[in-house]
Amino acid sequence: MATQRTSIHGQWSSRLVFILAATGSAVGLGNIWKFPYITGEHGGGAFVLVYLLCIALVGIPIMIAEVMLGRRGRQSPINTMRSLLAEEGAHRGWSLLGWSGMIAGFLILSYYSVIAGWALAYVFRTGSGLFVGATADGVSAIFGEFAGSPERLLGWHTLFMLMTMIVVARGVRSGLEQAVKFLMPALLVILLLLVGYAMASGDFMHGVRFLFQPDFSRLDQGAILVAMGHAFFTLSLGMGSIMVYGSYLPKEASIASSAVIIALADTAVALLAGMAIFPIVFGNGLEAGAGPSLIFQTLPLAFGQMPWGSFIGGLFFVLLVFAAWSSAISLIEPAVSWLVENRGWSRVYASTMTGAVTWALGIASIFSFSGVTLQDIILSLVGGEGEPAAGGLLAMTVFDILDYLTANIMLPLGGLFIALFAGHVMSRESVREELAMRSPLMFRLWFGTVRTVTPVLVVLVFLSAIGVIGGE
Ligand code: TRP
């Protein structure tokens, strides 16, 4: 089967637009909400170092491979994999890669939208001056009450899903291309402002030492898997988001340098967010390991104290919503493009249906923040009472389970198979032709990494997490 020259869904107008869109996909809640809280939970510096190594040795090589597959296939990830495996004479099992990616996209978006709903709610809460002069305890009490009311979370989750599906229905290119150009730089400016505030009034050096001074005694085995999983999550890798964006990339645009730019921008935003948040955490005696609520407890405190805080804070959450928005659309685009190709559905219909499914899935996560665990759900379904589970799967919430399953298992597995497909299944000639790298040396460096270093590292991290190596 010959591959098409352009995608039926259209094409980015330039390489710059692709970089902006892919950066829009990569920069999101992962950088500003998730990176600080998992860094706080896993003790700081050593975790950050492992994360940075994973970005360099696993993330960037896989991003190049994933974009390359997308551009060569020029279709939704499922059909791209189908036509590439036909072209390369590979086993049909490779098409599973597209399917599992699509499922991961649904699962991630279902809880991503709930958290984006928090950010939406905080636009109004911060903007209206709710936090002016509030104490640390006051700010956490306000958050606790909010997160514990499912009906409010449902309202904001519904609004965010509607926003997402409207953009997806219109086509990823129109609308978002324009928005991303202004919003990404604006987010950067506000982040810099927050870092400035943290320097002036938080415990800046304590925060910086926490982030950048590795203390390996605080790095447990599970943390390495979380750091690697986050490298995939934050770069939008392993499930087809970046592949589908690659399928809209013009033929002549250079893939490798684009991937490096996107990864650097994404990493910079995460590190800036950390430098803004941890000085405030330590300066106010807050808990670095507070979990998913971390930024919703620290930033409002800062906004409540700084001059113009309600305005700056409101604006910050607006930009966070936009960053989440441009990420959310890329999570569902693989499914929508596939439904358009294979079912002949209109974009509007495909968006409505996928949105409805994701919205419904999201309801399961909403109750996680009122403390409902898997055990509670099972007991309420089968009836009966039980002692609260002390640990393990039963004591986890749906949010915890979905987050762990997608970020730490499905994305790294997807990425592993993308690396293997690009490095071992496709012919070296097809790969070389598609990437068209100017420097033969860079090509060899990347190809060698994606064939061996990257897959070996992913497998080693998996093995260490299940205790096969490293030993407990
Ligand atoms: N990378 C985004 C963030 O950091 C989230 C995201 C968008 C994503 N598309 C993805 C995560 C695909 C994993 C896979 O917020």
Could you pull out all residues at least two apart from Asn284 that satisfy side-chain hydrogen bond (donor to acceptor under 3.5 Å, both in side chains)? none
Examine the side chains of [X] and [Y] and answer whether a donor and an acceptor come within less than 3.5 Å of each other.
| X | Y | value |
| --- | --- | --- |
| Ser25 | Ser330 | yes |
| His9 | Glu341 | yes |
| Arg71 | Thr80 | no |

I'd like to check [X] versus [Y] (side-chain heavy atoms, cut-off strictly below 4.5 Å). Are they in contact?
| X | Y | value |
| --- | --- | --- |
| Gln11 | Ser247 | no |
| Leu413 | Phe417 | yes |
| Leu187 | Ile32 | yes |
| Val321 | Met163 | yes |
| Val244 | Gln75 | no |

Search all heavy atoms of Ala395 against all heavy atoms of Thr373 and return the closest pair with its distance.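 Closest approach of Ala395 to Thr373: O-CG2, 3.4 Å.
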Trace of the side chain to side chain donor-acceptor pair (under 3.5 Å) decision for Ser337 with Glu333: CA-CA 6 Å; Ser337 58; Glu333 179 66 14; 4.7 Å; no
Assess whether atom CZ of Phe311 is packed by more than 12 heavy atoms of other residues, nucleotides or ligands within 6.0 Å.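 Result for CZ/Phe311: open.
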Flag the pair Trp338 / Trp99 as yes when their ring centroid distance falls below 6.0 Å, and as no otherwise. yes
Return yes if some donor-acceptor pair links the side-chain N/O of Asp400 with the main-chain N/O of Thr397 below 3.5 Å, else return no. yes
Indicate yes or no for a side-chain donor-acceptor contact from Glu41 to the backbone of Gly289 under 3.5 Å, with no hydrogens or angles considered.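 Checking the backbone N and O of Gly289 against the side chain of Glu41, no donor-acceptor pair under 3.5 Å is found.
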Listing, residues 118-136 side-chain donor-acceptor contacts under 3.5 Å, not counting sequence neighbours, or none:
unit_1	atom_1	unit_2	atom_2	d
Thr126	OG1	Tyr122	O	2.7
Ser128	OG	Phe124	O	3.0
Ser128	OG	Arg125	O	3.1
Thr135	OG1	Gly138	N	3.0

From Lys34 NZ over to Asn31 CG, what is the distance, rounded to the nearest 0.5 angstrom? 11.0 Å
Should the pair [X] and [Y] be assigned to parallel (<30°), tilted (30 to 60°) or perpendicular (>60°) ring geometry?
| X | Y | result |
| --- | --- | --- |
| Trp12 | Tyr245 | perpendicular |
| Trp325 | Phe322 | tilted |
| His230 | Phe35 | parallel |

Donor-acceptor contacts under 3.5 Å from residues 360-372 side chains, at least two apart:
unit_1	atom_1	unit_2	atom_2	d
Ser368	OG	Ser365	O	3.1
Ser368	OG	Val398	N	3.4
Ser368	OG	Phe399	N	2.9

